[in-house]
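Take a look at the structure below.
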2 protein chains.
Amino acid sequence: MEEIRRFLESKGVHPSYHRIKIMEYLMKNKSHPTVETIYKDLHKEIPTLSKTTIYNTLNLFAEKGIVTVLTIDEREARYDLETETHGHFKCKKCGKVFNVWLSEDITDKLTTEGHIVEEVHLYLKGICKECSGKKN
Amino acid sequence: MEEIRRFLESKGVHPSYHRIKIMEYLMKNKSHPTVETIYKDLHKEIPTLSKTTIYNTLNLFAEKGIVTVLTIDEREARYDLETETHGHFKCKKCGKVFNVWLSEDITDKLTTEGHIVEEVHLYLKGICKECSGKKN
DNA sequence: GTATCTGCAAAACATTTGCAATTCT
DNA sequence: AGAATTGCAAATGTTTTGCAGATAC
């Protein structure tokens, strides 16, 4: 708790109670949660927490570079705390999002023709291990 | 026109007039257009064409594997006809989307842990050559 | 003549915004 | 008190859906 407070302050984010709890949630749940998921889970514990605050907080975190916004899901945004370069795999059947690692850096293999690259997103889609094992 | 008709038929899509015109538009405009862009442009030529039909058609094309849906833009979907593996770069300033090519195939460098990969999307974001040259 | 295709209007859904109430120092 | 944070309700913008009318084979 005190650690999170200091971390947020170091990133230039005033550590309010709600912001600390959302940050704590993201640290515990690395499953690329959506706003809806965060709201459902945290609302139990903190009934006064609103969706607007979650949106506000995540947008602030994204601005400050604390989280990465994933658009692998066409419908709703997902949020990731991981900073190390990696990709994401989304199962078309169950909708779960998994991390995917690259055996080597690809940034130097890109022909970007003079554009300045700030973010790299690698999104894979298909059928996950668990779903492909099932009959249907 | 006759060529497009045959192509759509080979993909299992009944080649109606509107579908042919949308397909033709995608072939001419490789700039990853949005539904709005397609509508604005084609509506001049075909005043009876509705946005619903464009949505219906693009969803059908996506189902049949004729187009790829890009979610590089958080707000609206973009559509791409290219089948060859490549990435996309979106300029945070002007919003334009450019193609980006990889010097080698990355699919074999992925640790996908038993998941079946059907689609690979590489999205880059930053400032494009043209925008970075400008003063503002 | 029956299937399919089309298009309007309404609904659905995620996200943003305006603004007033609350909280914190 | 004053500035920042919060939360409700309404607005926004994209996409989907229901259904009636048009079109095609």
Side-chain angles (χ1 to χ4, degrees), chain A residues 1 4-5 8-9 11-25 32-64 66-79 90 95 97, chain B residues 1 4-6 8-9 11-25 32-40 42-64 66-79 90 95 97:
Chain A
M1 189 90 168
I4 297 174
R5 185 185 302 274
L8 290 179
E9 256 166 1
K11 292 284 185 177
V13 172
H14 181 79
S16 74
Y17 176 69
H18 285 171
R19 286 172 184 172
I20 291 171
K21 296 305 274 184
I22 292 169
M23 187 65 201
E24 190 185 50
Y25 181 89
H32 322 91
T34 63
V35 168
E36 188 64 32
T37 313
I38 301 172
Y39 179 72
K40 269 193 195 156
D41 289 350
L42 276 185
H43 191 260
K44 290 175 204 158
E45 198 186 331
I46 314 156
T48 61
L49 180 68
S50 74
K51 263 190 199 174
T52 305
T53 296
I54 299 175
Y55 275 110
N56 286 340
T57 303
L58 292 172
N59 284 345
L60 182 66
F61 284 3
E63 249 174 60
K64 301 291 184 180
I66 299 170
V67 297
T68 304
V69 184
L70 307 182
T71 59
I72 192 170
D73 198 308
E74 283 133 60
R75 195 175 291 276
E76 48 191 340
R78 289 169 170 274
Y79 298 86
K90 188 193 167 204
V97 174
Chain B
M1 191 88 170
I4 297 175
R5 185 185 302 273
R6 272 195 298 271
L8 290 178
E9 255 166 1
K11 293 284 185 178
V13 172
H14 181 78
S16 74
Y17 177 70
H18 286 171
R19 286 172 183 171
I20 290 171
K21 295 306 274 184
I22 292 169
M23 187 65 201
E24 189 185 51
Y25 181 89
H32 322 92
T34 63
V35 168
E36 189 63 32
T37 312
I38 301 171
Y39 179 73
K40 269 193 194 155
L42 276 185
H43 191 259
K44 290 173 202 156
E45 196 186 331
I46 315 157
T48 60
L49 180 67
S50 74
K51 264 190 199 176
T52 305
T53 297
I54 299 176
Y55 275 109
N56 286 341
T57 303
L58 292 173
N59 285 345
L60 181 65
F61 283 3
E63 249 174 60
K64 301 291 184 182
I66 298 170
V67 297
T68 304
V69 184
L70 307 183
T71 58
I72 193 170
D73 200 307
E74 283 132 61
R75 198 174 289 277
E76 48 191 340
R78 288 168 172 276
Y79 297 86
K90 188 192 167 206
V97 174

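All chains are named by letter (A, B, ...) in the order of the sequence lines, taking the proteins before the strands, and each is independently numbered beginning at 1. This structure is a prediction, so every number in the text was calculated from the model and none was measured.
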Seminar exercise, completed: Sorted by chain and number, sequence neighbours left out, side-chain hydrogen bond (donor to acceptor under 3.5 Å, both in side chains) with A:T34 holds for A:T37
For this session: Show your reasoning for whether side chain to side chain contact (heavy atoms under 4.5 Å, CB included) applies to B:L60 and B:R19.
Result: CA-CA 10 Å; B:L60 181 65; B:R19 286 172 183 171; 3.5 Å; yes
Exercise. Rounding to a whole Å, what distance do you find between A:I22:CD1 and D:dT5:C1'?
Worked result: 12 Å
For this session: Please list, chain by chain and in numerical order, all residues satisfying side-chain contact (heavy atoms from CB on, under 4.5 Å) with A:K40, sequence neighbours excluded.
Result: A:E36
For this session: Just grab all the side chain to side chain donor-acceptor pair (under 3.5 Å) pairs involving residues 54-64 of chain A, residues at least two apart or on different chains.
Result: none
Exercise. For B:H43, which residues count as a ring pair (Phe, Tyr, Trp, His ring centres under 6.0 Å) partner, sequence neighbours excluded?
Worked result: B:Y39
For this session: List for me each residue that meets side-chain hydrogen bond (donor to acceptor under 3.5 Å, both in side chains) alongside B:T68, sequence neighbours excluded, and say none if there are none.
Result: none
Exercise. Should D:dA3 be called syn or anti, with syn set as within 90° of 0?
Worked result: anti
For this session: Compare side-chain N and O positions of A:Y55 against OP1 and OP2 of C:dT16 and report whether any pair is under 4.0 Å apart.
Result: no
For this session: Grab the CG-C1' distance between A:D73 and D:dT15 for me, whole Å please.
Result: 14 Å
Exercise. How close do A:A77 and A:V69 get, heavy atom to heavy atom, and via which atoms?
Worked result: CB-CG1, 3.9 Å
Problem set entry | Base-pairing assignment for D:dT23 (Watson-Crick or G-U wobble, both under 3.5 Å) | none
For this session: Name all residues meeting the side-chain hydrogen bond (donor to acceptor under 3.5 Å, both in side chains) criterion together with B:T71; count only those two or more places apart in sequence or in a different chain, and write none if there are none.
Result: none
Exercise. In whole angstrom, what separates B:E36's CD from D:dT14's P?
Worked result: 6 Å
For this session: Please give the nucleotide sitting opposite C:dA20 as a Watson-Crick or G-U wobble pair, both distances under 3.5 Å, or none.
Result: D:dT6
Close N/O contacts between protein and nucleotides 23-25 of chain D (under 3.5 Å):
none

Seminar exercise, completed: Taken to the nearest whole Å, CG/B:N59 to P/C:dC5 is 14 Å
Distances for protein N or O near nucleotides 6-10 of chain C N or O, under 3.5 Å:
residue	atom	partner	partner atom	Å
C:dT6	OP1	B:S16	OG	2.8
C:dG7	OP1	B:T48	O	2.0
C:dG7	OP2	B:S50	N	3.1
C:dG7	OP2	B:S50	OG	3.1
C:dG7	OP2	B:T53	OG1	2.4
C:dC8	N4	B:T52	OG1	3.4

Exercise. Rounded to whole angstrom units, what separation is found between the CD atom of A:E76 and the P atom of C:dT15?
Worked result: 6 Å
For this session: Send over the distance from A:L70 CG to C:dA14 P, rounded to a whole Å.
Result: 17 Å
Exercise. Roughly, in whole Å, what's the span from CG in B:L8 to C1' in C:dT4?
Worked result: 16 Å
Exercise. Taking CG from A:L58 and P from C:dT16, how many angstroms apart are they, rounded to a whole number?
Worked result: 10 Å
For this session: Would you please name every residue forming a side-chain hydrogen bond (donor to acceptor under 3.5 Å, both in side chains) with A:E9, sequence neighbours left out?
Result: none
